[in-house]
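Single-structure report; data block below.
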Amino acid sequence: MRLSQRFGRTLREDPSEAEIISHRLLQRAGFIKPLASGIYTQMPLGWRVSRRIMDVFRYEMDALGCQEMAMPILNPAEIWQETGRWDSVGPALVRWKDRNERDMALAMTHEEALTDILKSELDSYKQLPILVYHMQTKIRDEPRPRAGLIRVREFIMKDAYSVHKNQADIDKFYPKMIQAYRNIYQSCNLDITEVEADSGMMGGSASHEFMLMSESGEDSIFISNDGKYAANGERAVFDKGMPPEEAQAELEEVHTPNCKTIAEVADFLGVPQTKTVKAVFYVAHNKTRDFIFVVIRGDLPVNEVKLGNALGGLLFEAATEDEIEAVGAVPGYASPIGLAKDLGNGRKLIIVADDSAVNFPNLVGGANKIEYHVKNVNARRDFEPDIIADIALAQDGDKCVDSEAVLELRRGIEIGHCFKLGTRYSKPMNITFLDENGKAQTPIMGSYGIGVGRLMAAIVEQHHDDNGIIWPQNVAPFDLHLVSLAKKAKEKAMQQAETLYQALTFAKIEVLFDDRRESPGVKFADADLIGIPWRVTVSNRSLKAGGVEVKQRHQSGKGEIIPLEGFVEYIIKKIQGK
RNA sequence: CGGAGUGUAGCGCAGGUGGUAGCGCACUGGCUUUGGGAGCCAGAUGUCGGCGGUUCGAGUCCGUCCACUCCGACCA
């Protein structure tokens with residue numbers, strides 16, 4: 001492609017709204033253009049990178065025996081209703097009505113679409129495993145798009161799906177997919193950390209995320225300092241300490257003036273925060289708007305993802321002061337002791353206790369009375385939790401569960417996620433097949449996703465310098481950036497550059513040819529910004545020195561003069577050798 | 001959804017106390033220049049985010065809506 005003909009241009013200055021490096025550089029180099037919040041156009045150069053990234057995906061998926069297909073973005077509501085996600089995922093799922101007033105959705109992922117096909121296509125264990133993938137636009141109306149291509153409302157995802165006859169079969173396949181993902185990141189020269197993750201709205205039994213560690217990441221990642229444990233903050237488990245051996249003591253009310261926070265109470269009574277218990281309140285998004293009364297040791301924050309899982313995927317929001325008082329609790333001095341579980345009209349009060357609040361004896365808690373707390377609260381004796389689970393949020397410096405190692409908090413960008421879905425979709429959609437014994441079985445499924453644009457941004461985050469992007473060869477928009485420093489068509493350098501452009505193109509090298517009438521400074525600055533790994537300069541000076549100048553983007557200083565004779569063969573070897 | 005900030009030419013920005021809009025880059029034509037974002041001359045480019053109000057007069061003051069960016073999504 002000739003740079004003089006390119007649609008899109010480089011900017012001399014950073015766009016003012018761009019904060020993170022990948023957003024700045026991709027926009028400044030003309031790879032992407034914003035249309036609205038979280039919605040971007042891929043300009044020709046950006047689309048070339050996307051295509052190369054998709055080539056990498058295709059190569060790895062095909063190697064696993066996955067078959068490429070294409071499922072629709074427009075989905076009927078019914079399939080989402082069958083799996084329950086029509087109601088459970090919230091406004092991120094874009095809904096619309098067709099001209100006949102039928103409820104429809106724009107697919108945010110394709111488990112439903114794929115599983116629906118199985119209804120008619122899957123009969124026999126002999127067909128399994130089914131391994132498929134597609135690369136399709138996803139629509140997600142995110143609450144807050146951010147950081148350029150990192151979190152957007154429309155993006156292309158490579159999502160693969162596997163269908164298995166039993167758990168053993170997916171257990172055998174899953175590591176192969178994980179390895180394929182590792183290969184993808186390696187092809188993009190990305191340094192990736194694998195972490196255990198929560199499966200979120202996808203459901204299922206296990207999942208692994210691939211994280212790019214970065215200060216601009218939006219996920220909290222905990223990595224043990226012995227390197228043996230890594231998990232997303234949504235899931236990370238930690239050691240809450242051994243409960244002291246003491247006999248349960250009698251409840252005792254104490255006057256605690258001006259002690260609304262745990263820190264104030266602990267300080268006032270002279271006890272550590274680990275000897276206190278606190279209450280946190282939510283209201284469920286169900287028909288009866290059940291009240292969720294969370295009890296947790298005073299020093300620990302609540303992990304809402306774990307809490308949601310403990311509640312079986314129930315959606316909820318923080319309760320207001322009025323709602324708290326309406327159930328008989330006193331904000332700042334709240335306690336589950338003595339509260340009615342039946343709130344009338346079928347509305348329930350659900351007490352969810354973190355295991356810490358149950359295992360630790362004789363804690364200080366609220367008295368449901370202004371300026372009073374009670375000592376020696378013991379769960380089960382003084383109140384009955386409906387659910388006991390680990391719902392605590394890990395914090396920097398917490399101890400690991402099975403070792404003396406300590407968890408370190410870091411930030412990361414999620415750029416790939418693999419899920420073991422179990423029967424999360426096959427069961428509600430009534431998918432069965434006949435096994436070897438002629439018995440109907442429900443298949444086990446997996447899904448494996450990676451976003452094209454986010455990966456592009458991640459690559460830029462890891463591969464750039466002060467002058468611009470430095471693309472890894474496999475995903476660069478072009479193989480080679482050919483710069484002619486001549487301005488007039490009749491100059492020898494321009495004619496040589498033209499000849500070289502034709503020859504390289506004929507040899508199937510993808511060349512970006514800077515044939516513009518611009519000064520050398522402009523051309524070199526643009527070449528650095530765009531970031532193609534090989535730069536070949538043709539000028540009167542280089543010709544006098546005996547050929548053309550070859551320089552790699554990541555090298556500093558001057559390049560090397562290579563003779564024109566045999567140049568095409570020379571550069572092909574160089575590019576392929578990389 | 002809550003909080004903060006910003007909207008003036010394609011991009012980056014300036015426009016005390018109200019008087020009818022400018023700078024740099026980019027763009028068009030011409031001449032010169034040619035290895036790290038060139039120089040000179042001549043030009044083109046604006047619903048000052050929208051609507052409403054105050055005023056003889058609003059980019060500027062008031063109200064309202066919209067868009068974009070950032071922070072937060074709990075700890076009683």
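The analysis underlying the following values was restricted to heavy atoms, covering all of them including side chains, and did not include hydrogens, waters or symmetry mates. Chain identifiers are assigned alphabetically (A, B, ...) following the order of the sequence lines, protein sequences preceding nucleic acid strands; residue numbering begins at 1 within each chain.
- As the counterpart of B:U33, no nucleotide is assigned, since no Watson-Crick or G-U wobble pattern has both distances under 3.5 Å.
- Rounded to whole Å, the C1' atom of B:A44 lies 34 Å from the corresponding atom of B:G52.
- Ranking B:G35, B:C74, B:C68 by closeness to the A:V280 side chain, first place goes to B:C74.
- When the P atom of B:C70 is taken as reference, atom CD of A:E142 falls 14 Å away, rounded to whole Å.
- Take A:E253 and apply the salt bridge (Lys or Arg N to Asp or Glu O under 4.0 Å) test, not counting sequence neighbours, and it matches A:K369.
- Within the nucleic acid shown, A:S539 comes within 4.0 Å of at least one base atom, counting heavy atoms only.
- If you check every strand for non-hydrogen atoms under 4.0 Å, A:A486 touches nothing.
- A:R9 comes within 4.0 angstrom of the backbone, heavy atoms only, and of no base.
- We find that CG of A:D515 is positioned 21 Å from P of B:U34, with the value rounded to whole Å.
- Pairing partner, B:A4: B:U69, with both Watson-Crick or wobble hydrogen-bond distances short of 3.5 Å.
- At least one donor-acceptor pair under 3.5 Å links the side chain of A:K523 to the backbone N or O of A:S484.
- No side-chain heavy atom of A:M43 sits less than 4.5 Å from a side-chain heavy atom of A:F31.
- Atom name P, nucleotides B:G35 and B:G30: the rounded distance is 23 Å, in whole Å.
- Atom CD of A:Q273 is separated from atom C1' of B:C75 by 10 Å (rounded to the nearest Å).
- A close approach under 4.0 Å does occur between a side-chain nitrogen or oxygen of A:S37 and OP1 or OP2 of B:U69.
- If you check B:C75 for Watson-Crick or wobble pairing at under 3.5 angstrom, you find it has no partner at all.
- Taking atom C1' in both B:U47 and B:A38, the straight-line distance is 37 Å, to the nearest Å.
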Strictly under 3.5 Å: I want the nitrogen or oxygen pairs between protein and nucleotides 36-42 of chain B, one per line.
from, atom 1, to, atom 2, distance (Å)
B:G36, O6, A:R535, NH1, 3.0
B:G36, O6, A:R535, NH2, 3.2
B:G36, N1, A:D528, OD2, 3.1
B:G36, N2, A:D528, OD2, 2.5
B:G37, O2', A:R12, NH1, 2.5
B:G37, O6, A:R28, NH2, 2.8
B:G37, N2, A:D526, OD1, 3.2
B:A38, OP2, A:S519, OG, 3.3

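- One atom, CZ of A:R517, and another, P of B:U32, lie 11 Å apart when rounded to the nearest Å.
- The P atoms of B:A58 and B:C51 are separated by 14 Å, rounded to the nearest whole Å.
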Sub-3.5 Å pairs of nitrogen or oxygen atoms, protein against nucleotides 43-50 of chain B:
none

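- At most 12 non-hydrogen atoms from other residues, nucleotides or ligands lie less than 6.0 angstrom from NZ of A:K348.
- Base pairing of B:A58: no nucleotide in any strand meets the Watson-Crick or G-U wobble criterion (both distances under 3.5 Å).
- Taking atom C1' on both nucleotides, B:C23 is separated from B:A14 by 7 Å, rounded to a whole Å.
- Residue contacts shown for A:L393 include a base, since a base heavy atom lies under 4.0 Å away.
- With a 3.5 Å ceiling on both atom-pair distances, B:G16 lacks any Watson-Crick or G-U wobble partner.
- OP1 or OP2 of B:C13 has at least one side-chain nitrogen or oxygen of A:S16 nearer than 4.0 Å.
- Looking at heavy-atom distances under 4.0 Å, A:P143 makes contact with a base.
- The interatomic distance linking A:D354 (CG) with B:C74 (P) rounds to 19 Å, in whole Å.
- Interatomic distance, A:I470 CD1 to A:D465 CG, rounded to the nearest 0.5 Å: 4.0 Å.
- Applying the side-chain hydrogen bond (donor to acceptor under 3.5 Å, both in side chains) criterion to A:K306, with sequence neighbours excluded, gives A:D390.
- Across all strands, A:A147 comes closer than 4.0 Å only to sugar-phosphate atoms, never to a base (heavy-atom distances).
- Note: A:F478 and A:W471 fail the aromatic proximity criterion, with ring centroids not under 6.0 Å apart.
- Mapping A:L35 and A:E549 onto RNA chain B via the closest heavy atom, the residue that lands nearer the 5' end is A:E549.
- The side chain of A:R144 contributes no N or O atom lying less than 4.0 Å from OP1 or OP2 of B:U69.
- Separation of atoms OG1 (A:T537) and NZ (A:K551) is listed at 8.5 Å; rounding is to 0.5 Å.
- For A:L485, counting side-chain heavy atoms from C-beta on, the closest listed nucleotide (B:G35, B:C75, B:A76) is B:G35.
- Rounded to an integer number of Å, the gap from A:R297 CZ to B:C75 C1' is 14 Å.
- Using P as the reference atom, B:C70 and B:G29 are 38 Å apart when rounded to the nearest Å.
- Between B:G46 and B:C41, the two P atoms lie 24 Å apart (nearest whole Å).
- Of the nucleotides present, B:G63 is the one that pairs with B:C51 by Watson-Crick or G-U wobble criteria, both distances under 3.5 Å.
- A gap of 15 Å separates the C1' atoms of B:G37 and B:U33, to the nearest Å.
- Between A:D528 atom CG and A:D466 atom CG the span is 11.0 Å, to the nearest 0.5 Å.
- Rounded to an integer number of Å, the gap from A:R24 CZ to B:G12 C1' is 14 Å.
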Can you give me every donor-acceptor pair (side chain of residues 406-415 of chain A, partner residue at least two apart or in another chain, under 3.5 Å) with its distance?
from, atom 1, to, atom 2, distance (Å)
A:R411, NE, A:G217, O, 3.1
A:R411, NH2, A:G217, O, 3.0
A:E414, OE2, A:H417, ND1, 3.0

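- Within the model, atoms CD1 of A:I530 and CG of A:L3 stand 5.5 Å from one another, a figure rounded to the nearest 0.5 Å.
- The closest donor-acceptor contact from the side chain of A:N359 to the backbone of A:S356 lies at 3.5 Å or more, if one exists at all.
- Searching all strands for a Watson-Crick or G-U wobble partner of B:C25 with both distances below 3.5 Å returns B:G10.
- Residues satisfying the side-chain hydrogen bond (donor to acceptor under 3.5 Å, both in side chains) criterion with A:D382, sequence neighbours excluded, are absent altogether.
- Whole-Å rounding puts the A:I391 CD1 to B:C75 C1' distance at 11 Å.
- The pairing partner recorded for B:U45 is none, the criterion being a Watson-Crick or G-U wobble arrangement whose two distances lie under 3.5 angstrom.
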